[in-house]
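Report on the structure given below.
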Protein chains: 2
Amino acid sequence: MKTVYLAGPEVFLPDAIAVGAAKKDICARHGLTGLFPLDNVLDLAGLSPPEAGRAIFRANIALMRAADMVIANLTPFRGPGCDPGTAFEVGFMHALGKPVFAYANTALGHADRVAAFCGGTLERRADGRLIDREGLEVEDFGLIDNLMLDGAALDSGGFVSGPVDPTRRFTDLSLFMRCVEMAADAGQPR
Amino acid sequence: MKTVYLAGPEVFLPDAIAVGAAKKDICARHGLTGLFPLDNVLDLAGLSPPEAGRAIFRANIALMRAADMVIANLTPFRGPGCDPGTAFEVGFMHALGKPVFAYANTALGHADRVAAFCGGTLERRADGRLIDREGLEVEDFGLIDNLMLDGAALDSGGFVSGPVDPTRRFTDLSLFMRCVEMAADAGQPR
């Protein structure tokens with residue numbers, strides 16, 4: 001059975017274990033084994049906080065190496081972009097040649113989310129470039145997030161996005177389910 | 001001569017080419033060849049915006065594959081965390097076993113930056129967990145950014161952070177220079 005690393009900021013939810021279990025159930029119903037970061041049972045007793053963080057890092061790395069592919073939740077997290085830890089994991093899996101499936105629970109594309117983050121004050125320069133309030137260019141390729149994330153997902157698996165009830169943006173699993181369907185199809189023997 | 005991929009959000013600066021040239025000069029003075037994403041000369045004529053974004057993605061991937069190591073600017077970018085595109089690149093290089101050197105121009109650690117982003121309103125639960133205004137846990141390991149980023153840098157290269165003049169947080173190269181020194185030392189034949 002193919003294994004799927006379940007990347008995303010739901011590890012930070014109060015009911016993270018339950019959300020991970022729900023994702024794994026959906027995977028199982030599609031013939032896939034989901035690997036959730038909190039599956040790692042670590043003995044962190046006696047470790048300093050930074051040592052504990054690094055132990056979790058190494059366990060997540062081992063879980064990714066054991067997985068055949070990744071489904072990443074790239075829903076915007078504390079700002080207009082996705083969780084940097086999840087972005088790291090997408091890059092890691094892509095480098096290993098493992099398919100990346102991604103979803104983002106958001107109605108807006110990257111540039112529109114940056115505009116909202118800046119209070120709507122993006123500037124369109126004469127040369128066509130889109131600039132934020134700090135003078136930094138805003139990627140304007142009609143993509144969902146930074147082009148490295150869209151690029152990896154589109155070149156190897158897929159990337160879906162769409163609006164959900166804002167209060168459920170970290171827990172709504174409908175687009176996750178779409179990714180599982182894509183991943184299950186990709187995992188079939190040809 | 002060892003090559004270093006120069007990852008970071010300075011590609012979005014109005015003077016990105018000049019900042020890239022300054023970084024490459026510092027590398028050269030330490031016996032390293034810096035590879036900057038904007039070194040890629042791409043013919044994007046006739047491509048749709050998403051196709052152009054994906055062409056840039058593929059060129060960046062090729063540049064990373066050509067590099068021996070990465071120096072990543074993880075200065076907070078549009079929120080409390082680093083640029084997700086840079087985080088992707090750190091994960092990519094770490095998976096390939098290439099050393100990661102990172103810097104962040106910020107006086108605050110991860111948890112304090114999330115607190116500032118939330119207007120100072122983090123909650124400490126009875127079980128010791130730190131929670132943001134959306135009910136999401138805040139990593140509290142005394143690290144600089146998400147533990148995946150700190151973990152990769154600390155396990156393979158190094159991670160330095162510190163305050164700079166806020167108006168120069170994307171252009172101040174003093175911590176970048178520290179990374180170049182570390183990378184040059186790591187690149188020496190033993």
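The analysis underlying the following values was restricted to heavy atoms, covering all of them including side chains, and did not include hydrogens, waters or symmetry mates. Every chain is numbered from 1, with letters handed out A, B, ... down the list of sequences. As the structure is a computational prediction, the values presented were derived from the model and not from experiment.
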Would B:R54 and A:D150 pass as an ion pair if we require N to O under 4.0 Å?
no
A:R78/B:D132 ion pair, N-O < 4.0 Å:
yes
Let me know if [X] has heavy atoms under 4.5 Å from chain B in its side chain, its backbone, both or neither.
{"X": "A:E10", "value": "neither"}
{"X": "A:L154", "value": "both"}
{"X": "A:R169", "value": "side chain"}
{"X": "A:R125", "value": "neither"}
{"X": "A:A152", "value": "both"}
{"X": "A:M93", "value": "neither"}

Heavy-atom distances under 4.5 Å only: say whether [X] touches chain A with side chain, backbone, both or neither.
{"X": "B:R129", "answer": "neither"}
{"X": "B:A55", "answer": "neither"}
{"X": "B:V114", "answer": "side chain"}
{"X": "B:L13", "answer": "both"}
{"X": "B:D140", "answer": "backbone"}

For the [atom1] atom of [X] and the [atom2] atom of [Y], what is their distance to the nearest 0.5 Å?
{"X": "B:N146", "Y": "A:F57", "atom1": "CG", "atom2": "CZ", "answer": "10.5 Å"}
{"X": "A:H94", "Y": "B:E89", "atom1": "NE2", "atom2": "CD", "answer": "11.5 Å"}
{"X": "A:I61", "Y": "B:D155", "atom1": "CD1", "atom2": "CG", "answer": "8.5 Å"}

Can you name the closest pair of heavy atoms from A:L147 and B:G53 and give their distance?
CD1-O, 3.7 Å
Could you tell me which of B:E51, B:M148, B:E137 has the largest number of non-hydrogen atom pairs under 4.5 Å with chain A?
B:M148
May I ask you to name which of B:F88, B:F92, B:F77, B:F117 has the most heavy-atom pairs under 4.5 Å with chain A?
B:F88
Any [X] side-chain heavy atom under 4.5 Å of [Y] side chain:
{"X": "A:P50", "Y": "B:L143", "answer": "yes"}
{"X": "A:F12", "Y": "B:I131", "answer": "no"}
{"X": "A:E134", "Y": "B:F170", "answer": "yes"}

If you tally heavy-atom pairs under 4.5 Å against chain B, which of A:C118, A:P80, A:G142 wins?
A:P80
Under a single-linkage definition using a 4.5 Å side-chain heavy-atom cutoff for Ile, Leu, Val, Met, Phe, Trp and Tyr, are B:V4 and B:L63 assigned to the same hydrophobic cluster?
no
side-chain contact (heavy atoms from CB on, under 4.5 Å) partner of A:P84, chosen from B:D83, B:L74, B:L149
B:L149
